[in-house]
Enquirer: 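Got a structure for you, written out below as structure tokens; questions coming shortly.
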Amino acid sequence: MNRRQIINDPQTGNKAEAFEAADDCPANPNLRRTFGDVAAARHGRRTVLNGMLSISATAALYCASALSGTLQAASAATSSKSRYAFDELAWGNDHTHHIAEGYDADILLRWGDPITADAPEFDVMNQSAEAQLQQFGYNNDYIGFLPLNAEGTRGLLCVNHEYTNEEVMFPHLGRQDKADFAGMTQELVEIEMAAHGGSVVEITRGSGGKWTFVRDGGMNRRISPLNTVMGVDGPAAGHPRMQTSADPSGREVIGTLNNCAGGMTPWGTWLMAEENFHGYFWTDETGFDGEPDASGHPEAEKLERYGAPGNWYAWGKFYDRFDIGKEPNEVNRFGWVVEVDPLDPQSTPMKHTALGRFAHEGAETTLSADGRLVIYMGDDARFEYLYKYISRGSVSQDRAANSRLLSDGTLYAARFDPDGTLHWLPLVHGQGPLTDENGFASHADVLIDARLAGDALGATPMDRPEDVSPRGDGTAYVMLTNNSKRKPGQTDAANPRPDSDFGHIIELKENGGDHAATRGSWSILVQCGNPAIAAVGAQWNPETTENGWFGSPDNCAMDAEGRLWVATDQGRKWDKTGKSDGLYGVETEGDLRGHSKLFFRCPVGAELCGPYFTPDNETLFLAVQHPGTDGTTSLKGFERESTFEDPATRWPDFDPAMPPRPSVVVVTKQGGGKIAG
Ligand code: FEO
Ligand code: CA
Ligand code: CA
């Protein structure tokens with residue numbers, strides 16, 4: 001089936017699922033490399049990282065978070081008692097959210113909430129771009145929290161808004177991708193653009209322990225692809241391939257796209273990862289198969305490797321910069337990691353090209369043994385690579401100098417060998433195959449075409465690398481969500497199942513317990529899916545109950561105790577498990593390694609994003625994304641696609657006049673205390 005047929009297939013659920021199903025980038029050349037099924041026993045040496053940094057009070061809290069769990073994880077290695085002290089939630093799928101007993105899960109911020117002093121109240125029947133630019137955006141994904149006081153009772157929430165679902169946002173519209181965007185006006189497109197990007201919102205915890213947001217917080221801010229000017233730095237800044245008619249300097253871009261997960265730096269800035277940027281680029285041209293046709297583009301082959309143009313949104317109808325025929329280089333200015341200083345609402349966000357250009361799922365930070373910044377990054381598409389960035393210099397007390405660490409360092413792609421060895425391959429121009437003769441004329445080209453550089457280096461094509469959670473002891477957990485396109489002859493030790501509907505989690509152990517190591521070892525922590533069905537090939541700790549196993553790990557978090565938490569995004573595949581998406585505590589140590597417990601589950605049609613723990617572990621923030629949309633055709637008794645007028649749930653308001661609203665949920669323990677502690 002071609003893309004249009006897939007989108008119109010009644011078996012395909014909401015817009016995002018349809019695009020994912022249609023989004024098969026051309027065969028990655030590295031699929032020719034096949035490993036055996038051999039997986040040797042592996043043991044990584046754990047070395048506890050010594051020496052915490054002491055910078056500003058705020059950033060010091062930050063470092064505690066970034067280096068989370070160092071000592072606790074080491075001391076728990078032999079424990080056979082669950083480290084997650086809560087009674088697991090029963091699995092299910094219904095119209096609302098659920099949390100383990102003894103906890104509250106309250107709505108903190110909803111799509112449309114006014115977040116500036118003079119923002120208009122949300123009027124869903126009369127929305128405008130101007131109003132949306134002062135209101136909380138759509139489809140909240142990454143959440144970071146920057147404490148503003150030593151007690152951690154006041155802080156800034158930094159939230160990504162990944163994409164929009166027009167069929168449940170706008171009255172009387174329906175799915176526009178199925179209708180060649182016929183109903184999309186410039187006004188609606190601009191509301192969509194204003195609902196993308198990010199929000200910085202001040203929040204406070206009152207004496208009763210409840211969090212609320214501060215509507216007129218002095219640092220509150222919206223970032224959007226409609227009007228937020230961003231800088232570009234690093235090796236690709238100013239390169240001719242980054243220049244457009246509106247920006248001959250190649251150093252100034254309007255906005256950011258499809259901000260999925262992200263990270264917080266040890267100095268308290270926010271990293272927004274640009275994921276499926278290709279979907280926003282457009283052409284009127286179609287090829288013989290009715291698909292968007294970029295064959296006339298000067299970089300047609302490279303665009304194809306990145307899946308652009310995707311024609312997922314109608315923005316290119318009204319904005320030339322999203323039309324690849326009219327502005328061929330604009331597409332090179334997205335697919336980066338953007339740094340924002342939440343403490344300065346006037347600051348210009350910066351796109352850091354040293355971190356490479358691909359479908360960045362997230363950008364989770366940690367520190368090396370000698371204090372350098374290390375960032376783990378997945379490229380979330382089928383058969384794409386896992387990356388790591390290591391700064392040249394070390395984190396210091398100078399915030400401005402710290403941000404320069406994001407423009408001077410080395411990007412690596414991962415190769416997973418069948419003997420359990422992990423190799424990090426440098427993406428450096430002039431080294432190995434990354435030369436002129438192979439099409440890389442400069443280091444800027446290596447970074448703009450990071451996927452092609454990964455191909456040339458022989459990195460391992462993975463089952464959609466999503467989020468990564470590093471721990472301070474040189475360990476990291478990589479979420480590989482699923483890959484229904486991997487054929488039996490294409491499996492390898494690190495991606496062992498063909499047609500993987502449920503995904504797996506890989507544990508990395510860097511040599512010497514140092515995140516800056518370029519060698520390490522790897523092992524599979526769990527293979528997801530139902531362990532009661534042999535054909536699924538799931539691997540969990542045998543103590544895992546029917547409530548605890550899951551499919552499609554996506555986002556993840558490491559709490560202050562060094563415990564791993566995993567959020568799921570099954571899309572329409574939820575009917576293969578019968579479970580809604582949720583948050584699970586997954587044991588990584590001792591006899592219970594590979595054991596999983598359900599803590600929170602979403603309302604129908606939602607995926608769970610943004611798990612983020614405050615440094616004191618007393619609060620957990622969760623982002624419930626696209627409630628009421630994914631796979632509702634499989635929901636017994638509903639069995640149709642949601643629309644604005646007729647959604648599968650009206651979570652969280654349950655107001656007949658209000659559609660479902662993506663929202664941030666805040667979890668606290670009743671009576672106070674640490675989560676699961
Ligand atoms: Fe935006 Fe890969 O999830
Ligand atoms: Ca995700
Ligand atoms: Ca996902």
Side-chain angles (χ1 to χ4, degrees), residues 13-21 23-25 137-144 159-165 196-198 256-263 271-280 307 310 312 334-335 337-338 358-364 376-387 462-469 477-485 500-505 528 550-557 565-574 576-577 580-583 602 605-612 622-626 629-631 662:
N14 86 332
K15 179 169 171 165
E17 299 162 31
F19 293 142
E20 183 193 304
D23 189 20
D24 284 316
C25 293
Y138 205 79
N139 274 346
N140 31 220
D141 198 303
Y142 180 75
I143 301 175
V159 184
N160 285 356
H161 302 297
E162 188 181 17
Y163 67 99
T164 49
N165 294 82
H196 277 67
T256 180
L257 292 173
N258 207 260
N259 304 93
C260 189
L271 302 179
M272 306 171 75
E274 296 187 326
E275 194 190 12
N276 293 310
F277 64 95
H278 61 290
Y280 298 81
W312 292 8
F334 293 88
V337 170
V338 181
F358 47 89
H360 284 276
E361 170 72 20
E364 290 286 353
Y376 289 90
M377 299 175 289
D379 181 356
D380 180 12
R382 297 181 184 95
F383 304 112
E384 292 304 338
Y385 307 128
L386 175 70
Y387 296 83
M462 306 299 287
D463 286 347
R464 295 186 55 202
E466 300 245 28
D467 214 347
V468 181
S469 273
Y477 296 90
V478 183
M479 308 298 117
L480 297 151
T481 197
N482 54 57
N483 184 351
S484 54
K485 297 286 178 184
S500 174
D501 280 330
F502 306 108
H504 56 293
I505 299 175
C528 306
F550 57 80
S552 301
D554 183 337
N555 295 113
C556 52
W565 297 80
V566 176
T568 65
D569 168 21
Q570 303 164 102
R572 73 190 164 95
K573 289 192 177 79
W574 78 265
K576 292 179 188 280
T577 66
S580 61
D581 282 318
L583 184 73
C602 286
E607 71 171 276
L608 189 64
C609 303
Y612 197 92
L622 299 171
V624 173
Q625 196 185 82
H626 58 71
T629 65
D630 269 3

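Keep in mind that what you see is a predicted model, and the values were worked out from it rather than measured. Positions are given from 1 along the sequence. Order of appearance sets the numbers: ligands from 1, and atoms from 1 within every ligand.
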Enquirer: Show the numbers, then the answer: is there a ring-ring contact (aromatic ring centres under 6.0 Å, His included) between His360 and Phe358?
Expert: CA-CA 6 Å; His360 284 276; Phe358 47 89; 3.8 Å; yes
Enquirer: Of all the N, O or S atoms in Glu162, which has the shortest distance to atom 1 (Fe) of ligand 1?
Expert: OE2
Enquirer: Can you classify the ring geometry of Tyr280 versus Trp312 as parallel (below 30°), tilted (30 to 60°) or perpendicular (above 60°)?
Expert: tilted
Enquirer: Could you check which N/O/S atom of Glu361 is closest to atom 2 (Fe) of ligand 1?
Expert: OE1
Enquirer: Which residue, Glu275, His161, Glu162, Met272, forms the side chain to side chain contact (heavy atoms under 4.5 Å, CB included) with Asp141?
Expert: Glu162
Enquirer: Taking just the N, O or S atoms of Glu275, which one is nearest to atom 2 (Fe) of ligand 1?
Expert: OE2
Enquirer: From Asp380, does some N, O or S atom reach closer than 2.8 Å to atom 2 (Fe) of ligand 1?
Expert: yes
Enquirer: Where do Asp379 and Glu361 land on the side-chain contact (heavy atoms from CB on, under 4.5 Å) test, with the steps shown first?
Expert: CA-CA 6 Å; Asp379 181 356; Glu361 170 72 20; over 6 Å; no
Enquirer: Tell me which one of Asn165, Asn160, Thr164 satisfies side chain to side chain donor-acceptor pair (under 3.5 Å) with Asn139.
Expert: Asn165
Enquirer: Kindly confirm whether atom 1 (Fe) of ligand 1 is within less than 2.8 Å of some N/O/S atom in Cys609?
Expert: no
Enquirer: For Glu466, what is the atom name of its N, O or S atom nearest to atom 2 (Fe) of ligand 1?
Expert: OE1
Enquirer: Tell me, which N, O or S atom in Glu361 is closest to the Ca ion (ligand 2)?
Expert: OE2
Enquirer: Does the side chain of Gln570 reach to within under 4.5 Å of the side chain of Lys576, using non-hydrogen atoms?
Expert: no
Enquirer: For the Ca ion (ligand 2), find the closest N/O/S atom on Asp554 and give its atom name.
Expert: OD1
